[in-house]
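Step one of this worksheet: look at the structure below.
All of these numbers come straight from a predicted model, not from anything done at the bench. Numbering of ligands and ligand atoms starts at 1, following listing order.
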Amino acid sequence: MLFTLMVAMGLFLVAFSHATLTADASVDKLTKMSQLLDDDVVAALDGDGDGLGEITGIDPGAGMMNTLNAFIDGNESWSAKYEVLDSSDATMTVALDNAVQNNDSIVVTLWSPHWAFNKYDLTYLEDDISLYGEADTVVTLARQDLDTDRPDLYDLIERFEWEHEDIQQVMLAIQEGTAEEQAAQDWVDDNTATVETWIGDVDGTGSDPVNLGYVAWAGEIASTNVMKLVLEEAGYDVTLHLVAAAALYEGLANGDIDFTVSAWLPLTQSNYWEDEGYKDQIDWVNVNLENAKVGLVIPTYMAQSGYFEPAESSPGFILPLAAVGLLSIGLIRKHRK
Ligand code: PBE
């Protein structure tokens with residue numbers, strides 16, 4: 001009798017602990033980066049069925065991609081569970097849009113300012129793995145010697161700085177279908193006083209064309225188109241150079257590009273600035289936007305409690321429970337006799 005009772009208790013404990021462990025293995029609310037390692041989260045993010053979860057990235061030259069790839073390659077626990085997909089700002093946002101339409105799971109590399117935060121309900125995963133760190137700034141960089149051989153131009157670009165709501169207005173208009181140049185023109189028309197303070201008494205009429213470099217990220221398209229119009233208003237001819245990030249730094253270093261308003265420093269593009277040594281070959285002009293941020297971002301519905309259900313309870317959990325049930329019934333009957 002006592003023996004049967006002990007066996008029953010033992011089985012019950014096995015079943016109970018198994019059930020508890022199974023439930024604990026799943027994330028209740030996905031809020032921080034470290035939780036991406038949970039197996040249920042990995043499975044939900046494994047769109048191509050190869051056993052690895054996917055993080056939808058952008059162009060491989062972006063600083064934030066460099067940081068993410070280095071982190072995953074350098075951490076076996078992550079490389080065993082995740083792959084980073086290369087794409088572009090434009091392609092990543094199409095993937096994000098598709099996921100949101102279908103309530104699907106997705107993790108993207110995203111940053112602020114970006115129009116996607118106005119269009120979708122999105123959440124930054126808390127950076128509890130020290131992936132990206134603190135807020136960054138957007139910086140104007142020039143080729144060395146621009147300050148001495150084109151001082152007027154240099155003075156003008158050194159005065160350029162604006163706020164999130166400014167860049168956001170231009171970005172959103174472009175995203176909603178306004179042509180890039182028109183969206184920039186509308187902002188310039190709405191902000192003539194600001195533009196005048198940047199231009200001052202600079203007159204570039206008749207001087208050499210200005211080579212302005214940028215990368216095809218939404219905010220950089222917006223800021224560069226505004227800068228182009230401002231320079232034209234000051235009398236300059238402007239040639240835009242749409243290039244990959246690596247070519248932007250190289251062009252500034254070798255003088256093919258006069259300046260850019262598209263650098264994210266000191267953090268995001270430290271792979272170029274510090275690691276590749278461009279800080280010794282390029283002139284840091286001015287911070288043109290404060291409080292820029294990069295991160296891993298999910299649609300907010302993925303952060304709701306219970307979004308990640310544990311995999312269906314295994315038979316290993318049902319069987320002991322059934323055994324306990326049967327035994328208990330047996331015990332009760334025996335007792336009553
Ligand atoms: N970004 C957008 C860039 C800078 C601007 C954050 C994707 C990057 O280098 O990561």
Do the non-hydrogen side-chain atoms of S223 and V138 ever get within less than 4.5 Å of each other?
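Side chain of S223 against side chain of V138, heavy atoms only: no contact under 4.5 Å found.
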Heavy-atom distance under 4.5 Å between the side chains of R143 and R150, does that happen here?
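Yes; the side chains approach each other to less than 4.5 Å.
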Min N/O separation Q269 to ligand 1 under 3.5 Å:
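Such a contact does occur with ligand 1.
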Please list, in number order, the atoms of ligand 1 under 4.0 Å from a heavy atom of [X].
X    : result
T268 : 8 (C), 9 (O), 10 (O)
V294 : 6 (C)
I58  : 7 (C)
G63  : 8 (C), 9 (O), 10 (O)

CH2-OG1 distance between W284 and T140, expressed to the nearest 0.5 angstrom
10.0 Å
Just to be sure I read this right, does ligand 1 sit under 4.0 Å from the backbone of M64, its side chain, both, or neither, counting only heavy atoms?
both
Checking side-chain polar atoms at under 3.5 Å, does D59 have a donor or acceptor matched by the opposite partner on S88?
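Not at all, the side chains of D59 and S88 share no donor-acceptor pair under 3.5 Å.
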Pick from L212, L141, N211: which one makes a side-chain contact (heavy atoms from CB on, under 4.5 Å) with F259?
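The passing option is L212.
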Is the closest heavy atom of E220 to ligand 1 under 4.0 Å?
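Heavy atoms of E220 do come under 4.0 Å of ligand 1.
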Would you call the rings of W162 and F160 parallel, tilted or perpendicular, where under 30° means parallel and over 60° means perpendicular?
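W162 and F160: tilted rings.
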